[in-house]
Every structure is written in C-alpha cells, then in structure tokens.
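Notes to accompany the following structure.
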2 protein chains.
Amino acid sequence: MPSVATGCVPGYLTPAITRTPARPPRTADADDGRPHGRPAAAKVVEVSARPARATDADEKVDRQARILDAALRLLSLHGISGVSMRAVAREAGVSLGLVNYHYEDKASLIRAALHRIEEQDIALVEPDPALEPEERLRVALKRVADPEFLTTEYLSLRLQLWALAQAHEDFERINTEAQKRYRAGLAALIRAARPDLPPDECSRRAADIDVIQNGLWLTALLGLDHASISRNIARCEEIALAG
Amino acid sequence: MPSVATGCVPGYLTPAITRTPARPPRTADADDGRPHGRPAAAKVVEVSARPARATDADEKVDRQARILDAALRLLSLHGISGVSMRAVAREAGVSLGLVNYHYEDKASLIRAALHRIEEQDIALVEPDPALEPEERLRVALKRVADPEFLTTEYLSLRLQLWALAQAHEDFERINTEAQKRYRAGLAALIRAARPDLPPDECSRRAADIDVIQNGLWLTALLGLDHASISRNIARCEEIALAG
DNA sequence: CCACCTATTGAACGATCGTTCAGTCACTCC
DNA sequence: GGAGTGACTGAACGATCGTTCAATAGGTGG
C-alpha cells in the first residue's frame with residue numbers, strides 16, 4: 001500500500017469553459033433528427049417561449065426557466081467555476097440529464113444567460129412613452145441606481161458574464177451587440193430630449209454616460225456610498241442635458 | 001460493445017476555483033518541515049525575492065517568474081477556465097510538478113497574480129516627486145490612457161482578476177485593499193495639488209475619478225475611440241483640479 | 001389498449017482536473 | 001568521493017468535469 005491520500009479537492013477554482021477542439025462527427029451538421037430525446041426544443045431555448053398554461057402546481061413546473069435561474073444564481077455567487085452542469089441541476093432541483101436536455105450544451109446555457117441580461121439592459125433604456133422626452137431620459141438615467149439593479153448579486157452577475165465574454169469569442173459577440181444596442185437606445189433618448197443637437201453629439205454623450213455607468217456598477221461592487229452614486233448620476237444628467 | 005463515444009470534450013468552460021471543503025489533516029498547521037521538497041520558498045513566493053544572480057543563460061532561469069507570467073497570460077486570454085496547472089506549466093515550458101513546487105496551491109498562484117496588478121496600480125498613482133504637485137497629478141491621470149495599460153491583454157487581465165475576486169472571498173480582500181490604497185493615493189495627489197481643499201472633498205473627488213477610470217478601462221474592452229478616452233480623461237482632470 | 005411524443009432520470013464514459021510523491025539532476029561543502 | 005540540499009520531473013491518485021444514452025413516467029389521440 002502506497003501512503004497518504006493524493007486526490008484533488010477542487011473548490012470554486014477549476015476550469016469551466018473550453019473551446020471545443022474538433023467536434024465528433026455526429027453524422028451531419030443538421031440539428032434535428034436525433035435518435036430519441038431532445039426535439040426541436042433546442043431551437044427555441046433562448047427565447048423561452050413557453051406555453052401559456054400558467055403554473056397551477058405552485059413552482060414545480062417550467063423547469064427550463066428554473067435551470068436558467070439556477071445557473072444565473074451560481075454564476076453570480078461563485079463565478080464560472082461554480083457553474084457545473086451538476087451544480088446547476090442540484091441548485092434547480094432537477095436531474096443532471098435534464099440540464100443537457102433543455103440546453104444541449106453548457107455554452108448554450110451561458111448564451112441564454114447572456115441574452116437574459118441583454119434583455120434587461122435594453123428594457124432599461126426603452127421605458128414607457130407616457131412621459132415627456134426629457135423626463136423619460138432622466139428616469140432612464142436614474143434607473144441604474146435602482147436598488148433592484150444595484151444589488152451585489154446582479155452586479156456580480158454582470159461582471160462574471162462580461163469576464164466570460166472576454167474569454168470566449170462566441171460570447172463576446174453577444175456582449176458587444178448588447179452594449180451597442182444599449183448605447184444606441186441611450187443616444188435616441190438624448191436626441192428626443194434635445195432635438196436640436198446634432199446626432200453625433202448625441203452619440204458622444206451616450207458614450208460618455210455609458211463609461212460612467214459602467215464604472216458606477218463596477219465600482220459599486222466594492223462598496224460605494226449613496227452620495228457617490230448620486231453624484232455620478234447627476235453628472236450623467238448634466239452630460240445628457242447640457243446645452 | 002455499447003455504441004458511440006460519450007466522452008466529454010471540455011474547452012475553456014470548465015470550473016476552475018473551488019473553496020476547499022475541509023483540508024486533510026497534514027499533521028499540524030505549520031508550513032515547514034515537509035518530507036522532501038518544497039522548502040521555505042512557499043513563504044516568499046508572493047514577493048518574488050530572488051537571488052541577485054542575474055540571468056546569465058538568457059531566459060532559461062527564474063522559472064517561478066515565468067510560471068507567474070504564463071498564468072497571467074492564460075488568465076487574460078481565456079479567463080480562469082483556461083488556467084489549469086497543466087496549461088500554466090505548458091505555457092511556461094516547465095513540468096507540472098514545478099508549478100505546485102513554487103506555488104503549492106492554485107489559489108496561491110492566483111493570489112500572486114492579484115498582488116502583481118496591485119503593485120502596478122499603486123505605482124500608477126505614486127510617481128516621481130520631481131514634478132510639481134499639479135503636474136504630478138495630471139501625469140497620473142493621463143497614465144491610465146497610456147498605450148501600455150490600454151491594451152486588451154492588460155484590461156482583460158484586470159477584468160478576470162476582478163471577477164475572480166467577486167467569486168472568492170479570499171481574493172476579494174486583496175482586491176478591496178488594493179482599490180482602497182489606490183484611491184487613497186489619488187486623494188493624496190489631489191490634496192497636494194489643491195492644498196486648501198478639505199480632506200474629505202479630496203476623497204470625494206478621488207472616488208468620482210475612480211468611478212470614471214474604472215468605467216474607462218471596462219468600456220475600453222469593447223473598443224472605445226481615442227476621442228472618447230480623451231474626453232473622459234479631461235473630465236477627470238476637471239474633477240480633480242476644480243475650484 | 002397501444003402507439004406516439006415529450007419531459008425526466010441516473011448510470012456510464014472518457015477526459016481533465018489539482019495534488020502528491022518517489023525519484024533524478026546539478027551543485028556545494030566536508 | 002560521499003553526504004546534503006534545492007530545483008525539477010513525470011507518473012499516479014482520486015475527484016469532478018461535460019456529454020451521451022437507455023429507460024421510465026405522463027399525457028394525448030387513434
């Protein structure tokens with residue numbers, strides 16, 4: 001008998017997304033027509049269009065959404081290293097196989113997560129048209145300081161997804177696209193509030209505000225007093241509404 | 001014989017840092033006195049105090065530094081998922097065992113990486129005292145736009161380390177401490193340039209500048225034109241030197 | 001009742017992970 | 001020359017990873 005134990009005891013520090021080094025053949029590149037499980041669902045996965053049949057049995061149904069929620073929670077809490085298919089399954093209270101059934105890939109799961117916060121970002125900058133333009137812009141700018149968005153969980157999630165996007169070409173596209181859409185929405189809000197401004201000046205202001213907002217939520221992760229947050233939001237309003 | 005291949009082909013997407021769930025006994029909690037290898041080196045690891053004997057054989061020596069460099073490179077490029085002990089060893093051109101010999105833990109390796117960029121941050125804000133105070137501050141503020149620091153590799157590295165700090169309590173302390181030191185240094189520069197300002201106003205300005213700078217490098221990862229960068233740096237100078 | 005389809009499970013596979021450890025090499029001091 | 005020491009190697013271990021797959025349960029339409 002040799003001697004002491006030599007096994008590894010990995011924690012939240014073990015690799016978690018690799019680029020696939022040449023897929024196995026899988027006959028063709030078509031996505032459908034598999035032997036038994038996983039139907040066309042993989043195609044609809046990321047828009048989450050579920051049948052209108054609402055949850056009658058409290059919260060046992062809609063496992064696909066629960067899986068995505070679990071992944072987001074784990075990602076925010078422990079980073080990508082804490083997101084294994086098994087951990088997601090455990091957190092969501094489903095079996096391991098079901099995660100791969102609904103998402104096929106770990107990469108698709110992460111993609112779905114990215115799209116989720118992309119939706120939130122866009123919603124942030126396209127609010128109700130009931131308000132007048134200037135007030136609409138002001139509300140949008142204040143929204144980033146909303147207690148709903150300034151929680152550690154949400155900010156950390158954004159950070160993790162951003163880091164993931166940097167490391168993965170696939171995710172980077174999604175992230176860049178989302179950022180571009182957000183900035184365009186912001187510029188449109190500014191143009192509506194200050195119609196006599198040249199369009200590229202609006203874009204410039206949107207870019208400057210974007211920088212400050214990004215800095216705001218990143219710095220907020222280390223703890224930022226409310227006064228600092230208010231000052232920076234005021235600065236954003238100044239930039240947007242100047243002239 | 002069953003059927004098709006079922007192995008997994010992990011890419012840069014597989015977990016990479018876990019919290020250790022109860023260490024094996026290891027006799028006592030002392031760090032020295034191990035049976036054969038790994039001497040007191042583990043204690044000096046993170047300050048990198050190597051004997052003055054400079055590299056005579058071009059670049060074959062100082063493997064410990066090469067290992068750290070390799071880890072930083074991989075982290076920046078592929079995120080924590082791309083940093084396995086084996087990948088680091090391969091990138092550094094050393095054997096697997098040597099990585100653990102010099103760093104004992106994967107966590108120590110990451111810690112060393114965090115301390116490395118902490119040093120760079122502090123150096124950024126404590127420059128030569130040859131200049132007069134105001135110019136010293138201006139130089140420090142401009143430095144963040146230095147082509148040396150605004151490379152994708154460096155920015156991505158910062159992002160990855162920040163994300164790691166969020167996920168790992170151990171690393172978070174290091175990161176928070178570094179940020180605090182940086183902001184204090186910035187406040188000191190401002191106080192020197194504007195001696196009649198109350199100290200807490202200096203701290204406020206330092207905090208505001210910190211937000212913008214953080215936003216600057218984060219946004220720069222998605223591509224930011226030079227004009228935007230200049231505008232934001234000018235804004236930092238305004239904030240710092242106002243009044 | 002049977003056929004069909006979808007949602008779900010858990011075992012299994014091969015790969016890779018972090019860590020340990022018995023060595024080897026080069027060098028110094030006695 | 002031999003003992004000692006520090007740097008270094010690579011095989012091995014146990015754990016965990018992502019993915020596949022046969023099997024099952026539930027529901028619907030014939």
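Both backbone and side-chain heavy atoms feed into the values below; hydrogens, waters and symmetry mates do not. To find a chain, count down the sequence lines: A is the first, B the second, and so on, and within it residues start at 1.
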Check whether any side-chain N or O of [X] sits under 4.0 Å from OP1 or OP2 of [N], and answer yes or no.
| X | N | value |
| --- | --- | --- |
| A:S84 | D:dC17 | yes |
| B:R63 | D:dC8 | yes |
| A:H102 | C:dT6 | no |
| B:Y101 | D:dC8 | no |

Please report, rounded to the nearest Å, how far the [atom2] atom of [N] is from the [atom1] atom of [X].
| X | N | atom1 | atom2 | value |
| --- | --- | --- | --- | --- |
| A:L74 | D:dC17 | CG | P | 11 Å |
| A:Q64 | C:dT8 | CD | C1' | 13 Å |
| A:K106 | C:dC17 | NZ | P | 13 Å |
| B:R90 | C:dG18 | CZ | P | 11 Å |
| A:E104 | C:dT6 | CD | P | 16 Å |
| A:M85 | C:dA12 | CE | C1' | 16 Å |

Minimum-distance nucleotide (side-chain atoms of [X] versus [options]):
| X | options | result |
| --- | --- | --- |
| A:D105 | D:dT19, D:dC8, C:dT20 | D:dT19 |
| B:L98 | D:dA12, D:dC8, C:dC17 | D:dC8 |
| A:R86 | C:dC17, D:dT9, D:dG18 | D:dG18 |
| A:N100 | C:dT19, C:dG10, D:dT19 | D:dT19 |
| B:L96 | C:dA12, D:dT9, D:dA11 | D:dA11 |

Assign each of A:G97 and A:A87 the nucleotide of DNA chain D bearing its closest heavy atom; nearer the 5' end lies the nucleotide of A:A87
For B:W162, the side chain to side chain donor-acceptor pair (under 3.5 Å) test, sequence neighbours excluded, returns none
| query | For the side chain of A:N232 and the backbone of A:S228, is there at least one donor-acceptor N/O pair under 3.5 Å apart? | reply | yes
ask   = Do A:Q213 and A:Y182 meet the criterion of a side-chain donor-acceptor pair at a distance under 3.5 Å?
value = yes
> Under 4.0 Å between a Lys/Arg side-chain N and an Asp/Glu carboxylate O for A:R63 and A:D69?
Replying inline: no
| Salt-bridged, B:R181 to B:E118, with N to O below 4.0 Å? | yes
With heavy atoms under 4.0 Å as the rule, sort A:V83 into base, sugar-phosphate or nothing. sugar-phosphate
Discussion item. Counting the atoms with a prime plus P, OP1 and OP2 as sugar-phosphate, which does B:V88 contact under 4.0 Å by heavy atoms, base, sugar-phosphate, or nothing?
Written reply: nothing
